[in-house]
Amino acid sequence: MKNKNFNIIKNKLGYYEAFPKPSNDELKHYYNLKYYQNQSGNYRNEYTSDDYTFFKNKEIRKIHILENQLNISKSSLLDVGCGEGFSLNHFHTLGWKVLGIDFSNYGIIKNNPEMEKFFIEGDLYENMKQLQVQNKTFEVITLNNLLEHVVDPDYTIDLALELLTSDGVLIIEVPNDFSNYQSFLKENEFINEDFWIAYPDHLSYFTKTSLNNLLSSKNMREVFSLSDFPIDIFLSNTQSNYILDKSKGKDAHKSRILIDNFFNNESIEKTIRLYEAMAQIGLGRQIISFFKKKIK
């Protein structure tokens, strides 16, 4: 399904979309047969112990925010596009009632097989509709690295909101793309390409601002936002520029993991404040935002 004949267009809400878009059936086929079955994208056949700590620390920060900023603990969680199941596993270990849905069960069986009993495989939209028919609701719904992949982010959010309790929290994590920092890197010739464009894997590209614009149009308000470690910062140094020299990518990734784990080990609260500040100025490879329904 690779196609070099596509355009990236900024829409009225400020995020970028790739056109033409594949159909939902084409995407389902693509992810079932390719994405989870090899070492593509964010999914690999083997992870180090530092990688596992990194994954866990991200979930620790999310739960800390839910408990200490938003007063939600040990409630119900729906993870839409749950991937390899790391988030499901951590929430479940802490006593949450969890359910995950995704196109393929490959990632979850490979990495967190004990979570398969809390997992529904198949079309995301159809499964969310079925949960709605069953009158299921959840106090927390997560879309972790999902919106950039789907054909219609707007519709995906609509379906998720139908399953969210009136005072629930929607957590969205997306890559931080077409950011001001990336523009800075291009203007100063630290990069020679828009390396973050990954068609057809990524069909939409968000910043904190454009993500907020999209959710605001759904009558949702941001109640907290943070980023993660800004691995792109290595690109401003020719000795660690992994875009101009692809061989430096593994070392950059390793440094990102080790530094993030060090931060979290020193202080969860201070790491959250650090990443909260970074999100405010547009730094971080990912944006993680928490939304609640606007008060009428």
message: Please check if the number of heavy atoms outside K12 that lie under 6.0 Å from its NZ is greater than 12.
response: no
field: salt_bridge(K58, D260) N-O dist < 4.0 Å
entry: no
message: I'd like to know whether F55 forms a ring-ring contact (aromatic ring centres under 6.0 Å, His included) with Y47, so could you lay out the CA-CA distance, the side-chain angles of the two residues, the decisive distance to 0.1 Å, and finally the verdict.
response: CA-CA 10 Å; F55 299 150; Y47 292 109; 5.0 Å; yes
Salt-bridge criterion met for D245 and K248 (N-O under 4.0 Å): yes
query: Any chance NZ of K56 has more than 12 other-residue heavy atoms, nucleotides or ligands included, within less than 6.0 Å?
result: no
- request: Give a yes or no on whether the backbone of L159 and the side-chain of E162 come within a donor-acceptor separation of less than 3.5 Å.
  value: no
message: I'd like to know whether T142 forms a side chain to side chain contact (heavy atoms under 4.5 Å, CB included) with L77, so could you lay out the CA-CA distance, the side-chain angles of the two residues, the decisive distance to 0.1 Å, and finally the verdict.
response: CA-CA 8 Å; T142 58; L77 169 79; 3.6 Å; yes
task: Kindly assign one of parallel, tilted or perpendicular to the pair W96 and F91, based on the angle between their ring planes and the thresholds 30° and 60°.
output: perpendicular
message: With a 3.5 Å distance limit and no angle check, can you tell me whether S227 reaches the backbone of I287 through a side-chain donor-acceptor pair?
response: no
query: Within 45° of the ring axis of F19 and under 6.0 Å from its six-membered ring centre, is that where the NZ or CZ of K21 lies?
result: yes
message: Salt bridge or not between E59 and K62? Use side-chain N to carboxylate O under 4.0 Å.
response: yes
message: Please report whether the ring centroid of F86 lies less than 6.0 Å from that of Y52.
response: yes
- prompt: Taking the six-membered ring where the residue is Trp, are the ring centres of F206 and F178 under 6.0 Å apart?
  reply: no
query: Taking T271 as the fixed residue, which of N57, I60, N264 is the one that meets the side-chain contact (heavy atoms from CB on, under 4.5 Å) rule?
result: N264
- request: Can you establish whether the number of heavy atoms outside D167 located under 6.0 Å from its atom CG is more than 12?
  value: yes
task: May I ask you to check whether over 12 heavy atoms, not counting those of K97, lie within 6.0 Å of atom NZ?
output: no
message: Looking at E193, I'd like to know if its CD atom is crowded, meaning that more than 12 non-hydrogen atoms belonging to other residues, nucleotides or ligands lie closer than 6.0 Å.
response: yes
task: Taking only Lys NZ, Arg NE, NH1 and NH2, and the carboxylate oxygens of Asp or Glu, determine whether K208 and E276 approach each other closer than 4.0 Å.
output: no
- prompt: Have H64 and R61 got a donor and an acceptor in their side chains that come within less than 3.5 Å?
  reply: no
task: Specify whether Y242 and F195 have parallel, tilted or perpendicular ring planes, treating 30° as the upper limit for parallel and 60° as the lower limit for perpendicular.
output: perpendicular
